[in-house]
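Below is one structure; the comments refer to it alone.
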Amino acid sequence: MAQQEIRAQIGVYGLGTMGSALALNLADHGFDVAVSNREADWIDAFLPEAAGLSGNVTGHADLADFVAAIASPRTILFMIPSTKPMDMMIEAITPLLSEGDTIIDGGNADFNDTRRRSAALDGTGIHFVGMGVSGGEEGARNGPSMMVGGSDHSWAQLKPMAQAIAAKFHGDPCVAHLGPDGAGHFVKTVHNGIEYADMQMIAEVYGLMRDQAGMDAGQIGQVFDGWREGPLASYLIDITAKALASTDAGTGQPIVDVIRDQAGQKGTGRWTLIEALKMGQSASTIEAAVGARGWSSEGDVRRAAQDLLDPATQPADIPGTDDMENALLAARILGHAQGFRVLSAASAEFNWNLDLARIAEIWRAGCIIRSALLDEFAGAVRAGLPHGHLILAPAMRKRLTAALPGLRRVVAAAALSGQPVPALSAALAWHDTMALGRGTANMIQAQRDYFGAHGFERMDQDGAHHGDWLR
């Protein structure tokens, strides 16, 4: 009974890495928190971590006790897998809730599931929020970037707590209510897609320095360290420099040289690509990054192909680090521009009215893709995007004009020397498709029109002819 004397302002269910970090962050900011977990022993192990924090933290193994410990209208944050476990928990907890209560899914959810769950609870008096959380364990504990979707009622309940625990950029909390139902989770998905592209571009520049310029990990790390200030300043550049300077305790070798050449993925980059294709949008930089991770899993095939395929390379002058810096800068702008275009298309498709400038602002701190460029992106959006495209904004055109020659030289040298740079190449191709004005789609349409008018003959194995089969 003593545990329930203080009614919690929020409940957190799921005490894994992210859930426990967010619960501690909330308590650290003076909020009273009730916690629960499917495995009850996790609760007892967690509570000592919260001792001495400003807010009171209580643990409840029983779901009904957990719900009863939270002040009404309740705000309950679930940090569990956003698949079947989330559906099961909604089914279990809904009978225990009251009108005005809010369920928050803070995991990496498919926004289509979030929309489905929101629609299922519509009219019940219970609100459903999909909230994207970026920043990993460190961000969750000390200040994440959060992308919230759901009702105005839910946001009014969550806002004081979310703003208190969020990362701050010059005092501005990196959290916003972005729209109804799946808006928050969709924005987080695109965030992760941009992250995939950015990481791939960095890896490609690293590969050029290693394989074509003959630089070792320490030398490459010094270059990236120099890029930690200026237009490329970002969390990903920062951790790349640190990773390249790290050594393996067992071998004494640079850690990057002993890590297996295979990159995993959790699927969110692929989700971005799928949704972009559904809406007829180009996300070629993200597609290149997803594809590269897929190819990386086929190490045995790649090693066999090395002895079988002739790359037919040609001598190439490998660009210097200034060109590589500009290549990365231009490609990063183009990759973000594709991501923002996907967000615009989804906003129109689902009637979300997304504020692209605010999205850029809440990504400026706490999240994985935080970078110096995001402030420029936000300013460009607020000034108005010609034809709805970030790359047509005056500030971005100026950046690209200065950086594109470096990107061209890097992609050309990579092609001649047989160095794969799929994301950098995709960024340049997309820019040139836009810049050329006149494309080649007329030839594709002419082929389709010809097929439609004349058909296309084929012969079955039995010798029968069939026309007009290909459209």
Side-chain angles (χ1 to χ4, degrees), residues 195-227 232 236-237 239-241 243-244 253-265 269 284-335 338 400 403-433:
E195 177 188 328
Y196 272 47
D198 211 356
M199 293 175 73
Q200 177 63 28
M201 293 166 184
I202 289 171
E204 290 171 12
V205 169
Y206 155 78
L208 270 168
M209 292 183 186
R210 182 194 65 186
D211 298 335
Q212 304 304 324
M215 299 168 66
D216 62 31
Q219 293 171 319
I220 301 171
Q222 290 176 5
V223 174
F224 276 91
D225 189 65
W227 293 346
L232 282 181
L236 286 172
I237 292 292
I239 64 170
T240 299
L244 287 163
Q253 297 296 311
I255 190 73
V256 72
D257 290 341
V258 299
I259 292 176
R260 184 171 57 178
D261 178 25
Q262 180 175 331
Q265 54 183 311
S284 58
T285 57
I286 299 170
E287 180 181 11
V290 172
R293 292 197 188 196
W295 302 332
S296 78
S297 67
E298 299 188 42
D300 291 341
V301 176
R302 287 186 288 123
R303 283 184 287 274
Q306 186 177 22
D307 297 327
L308 299 174
L309 297 177
D310 179 3
T313 58
Q314 298 181 29
D317 292 330
I318 304 304
T321 56
D322 286 347
D323 271 351
M324 293 193 190
E325 179 181 15
N326 280 320
L328 197 50
L329 177 60
R332 175 176 278 178
I333 292 170
L334 294 163
Q338 287 188 342
L400 288 170
L404 271 168
L407 178 59
R408 290 196 186 283
R409 285 189 285 268
V410 165
V411 171
L416 287 170
S417 60
Q419 186 75 25
V421 288
L424 296 177
S425 299
L428 181 60
W430 183 65
H431 170 273
D432 289 347
T433 298

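Numbers for residues simply follow the sequence, beginning at 1.
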Let me confirm one number: the [atom1]-[atom2] distance from [X] to [Y], rounded to the nearest 0.5 Å.
{"X": "M215", "Y": "Q222", "atom1": "CE", "atom2": "CD", "value": "8.0 Å"}
{"X": "W227", "Y": "E325", "atom1": "CH2", "atom2": "CD", "value": "6.0 Å"}
{"X": "T321", "Y": "L208", "atom1": "OG1", "atom2": "CG", "value": "12.5 Å"}
{"X": "D225", "Y": "I220", "atom1": "CG", "atom2": "CD1", "value": "13.5 Å"}
{"X": "M201", "Y": "L334", "atom1": "CE", "atom2": "CG", "value": "7.5 Å"}

For the residue pair L329 and R332, establish whether any side-chain heavy-atom pair is separated by less than 4.5 Å.
no
TODO: Indicate yes or no: at least one non-hydrogen side-chain atom of Q338 is less than 4.5 angstrom from one of E287.
DONE: no
Do [X] side-chain atoms and [Y] backbone N/O form a donor-acceptor pair below 3.5 Å?
{"X": "Q212", "Y": "A414", "result": "no"}
{"X": "E204", "Y": "L424", "result": "yes"}
{"X": "Q219", "Y": "D216", "result": "yes"}

Nearest heavy atoms of [X] and [Y], plus distance in Å:
{"X": "I202", "Y": "L328", "result": "N-CD1, 3.9 Å"}
{"X": "T240", "Y": "L236", "result": "OG1-O, 2.6 Å"}
{"X": "I237", "Y": "F224", "result": "CG2-O, 3.6 Å"}
{"X": "V410", "Y": "D323", "result": "CG2-O, 3.9 Å"}
{"X": "G418", "Y": "P420", "result": "O-CD, 3.5 Å"}
{"X": "A423", "Y": "Q200", "result": "CB-CG, 3.7 Å"}

Sequence neighbours excluded, the answer for salt bridge (Lys or Arg N to Asp or Glu O under 4.0 Å) partners of R210 is none
Applying salt bridge (Lys or Arg N to Asp or Glu O under 4.0 Å) to D317 and not counting sequence neighbours gives none
By ring-ring contact (aromatic ring centres under 6.0 Å, His included), W430 pairs with (sequence neighbours left out) none
Only one of N326, L428, D432 passes side chain to side chain contact (heavy atoms under 4.5 Å, CB included) with L404, and that residue is L428
Handout entry: R302 and L309: CA distance, side-chain angles, deciding distance, side chain to side chain contact (heavy atoms under 4.5 Å, CB included) verdict
Key = CA-CA 10 Å; R302 287 186 288 123; L309 297 177; over 6 Å; no
